[in-house]
Amino acid sequence: MNRVVTHELIHAFDHCRAHVDWFTNVRHLACSEVRAANLSGDCSLVNEIFRLRFGLKQHHQTCVRDRAILSILAVRNISKEVAQKAVDEVFESCFNDHEPFGRIPHNKTYAKYAHRDFQNRDRYYSNI
């Protein structure tokens, strides 16, 4: 349940921050889906083991890419090739955008670190 809520809240964050054009720009949708798959825990090692899909080299990136494509195909009536192209075009920048967490919260420990980073985000710049 936490994963699903986190996934959807990332979409809400993107909607408010980036003014995403959900209905006409497939690249906006692709970017938000990449970010949601990356940051929500959809591609955690435990989930991938339950899906019987796991690997060693860049598996997280592959999983994020695949999950984003599946999500786009679930909400849009477009071909798989168009979805793949949109994800490929935005993948690098959107995969590396970790806002609002600042890091990928792989587990509860990393989530606590991300929350601590969030709490301290302005601490070092308040006296400048």
Side-chain angles (χ1 to χ4, degrees):
M1 183 70 163
N2 288 339
R3 222 174 355 131
V4 174
V5 171
T6 303
H7 183 106
E8 296 307 322
L9 285 173
I10 291 167
H11 289 315
F13 179 83
D14 289 345
H15 182 75
C16 293
R17 177 186 72 159
H19 307 289
V20 178
D21 184 5
W22 300 105
F23 302 108
T24 58
N25 193 333
V26 72
R27 293 177 75 224
H28 286 187
L29 176 62
C31 185
S32 189
E33 291 297 348
V34 166
R35 285 178 28 76
N38 187 24
L39 298 172
S40 67
D42 286 345
C43 292
S44 69
L45 181 62
V46 172
N47 289 337
E48 286 298 278
I49 289 171
F50 283 134
R51 292 181 191 125
L52 299 175
R53 295 185 62 185
F54 47 90
L56 297 174
K57 190 172 183 180
Q58 293 195 342
H59 181 74
H60 183 72
Q61 289 90 335
T62 303
C63 174
V64 167
R65 196 179 296 269
D66 293 344
R67 302 291 295 174
I69 291 168
L70 289 173
S71 293
I72 292 168
L73 293 174
V75 298
R76 283 286 187 83
N77 187 19
I78 59 174
S79 69
K80 188 173 184 178
E81 292 76 25
V82 172
Q84 285 174 332
K85 183 178 183 232
V87 169
D88 289 341
E89 287 174 356
V90 301
F91 188 81
E92 192 66 33
S93 65
C94 298
F95 182 80
N96 291 315
D97 181 5
H98 299 146
E99 290 302 321
F101 299 113
R103 64 174 74 208
I104 301 172
H106 292 293
N107 56 35
K108 286 184 181 181
T109 302
Y110 285 110
K112 288 179 185 177
Y113 290 153
H115 182 66
R116 184 197 64 204
D117 293 346
F118 173 76
Q119 289 176 319
N120 295 327
R121 71 192 179 283
D122 295 326
R123 179 176 175 197
Y124 300 107
Y125 302 108
S126 62
N127 295 329
I128 297 177

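Of all non-hydrogen atoms in T6 and S40, the two that sit nearest each other are CG2-CA, 3.8 Å.
Summarising the geometry, atom CG belonging to N25 is positioned 10.0 Å from atom SG belonging to C31; distances are rounded to the nearest 0.5 Å.
By the ring-ring contact (aromatic ring centres under 6.0 Å, His included) test, H7 pairs with H11, sequence neighbours left out. Annotation: side-chain contact (heavy atoms from CB on, under 4.5 Å) contacts of H15 (sequence neighbours excluded): W22. Under the rule for a side-chain contact (heavy atoms from CB on, under 4.5 Å), the partners of V82 that lie at least two apart in sequence or sit in another chain are I78, S79. Residues meeting the side chain to side chain donor-acceptor pair (under 3.5 Å) test with E92, sequence neighbours left out: N96. Residues that satisfy the side-chain contact (heavy atoms from CB on, under 4.5 Å) test with A37, not counting sequence neighbours, are D42, V64, R67. For E89, the side-chain contact (heavy atoms from CB on, under 4.5 Å) partners at least two apart in sequence or on another chain are R27, K85. In this view, D88 and R65 satisfy the salt bridge (Lys or Arg N to Asp or Glu O under 4.0 Å) rule, not counting sequence neighbours.
Between F95 and F91, the ring-plane angle classifies as parallel under the 30° and 60° cut-offs.
Applying the salt bridge (Lys or Arg N to Asp or Glu O under 4.0 Å) test to pairs two or more places apart or on separate chains, none has a residue in residues 68-83. Pairs of residues two or more places apart, or lying in two chains, that qualify as salt bridge (Lys or Arg N to Asp or Glu O under 4.0 Å) and include a residue from residues 17-26 are D14-R17, R17-D97.
Two residues are said to be in side-chain contact when any heavy atoms from C-beta on lie closer than 4.5 Å; L70 and E33 fail this criterion. Residues H28 and V90 fail the side-chain proximity criterion, which asks for heavy atoms closer than 4.5 Å.
Other cluster members for F13: none, since no ILVMFWY side-chain heavy atom sits under 4.5 Å from it.
By the rule that hydrophobic residues join a cluster once side-chain heavy atoms approach within less than 4.5 Å of another member, V75 and V4 end up as members of separate clusters. Residues L39 and V34 do not share a hydrophobic cluster, clusters being chains of Ile/Leu/Val/Met/Phe/Trp/Tyr side chains in contact below 4.5 Å.
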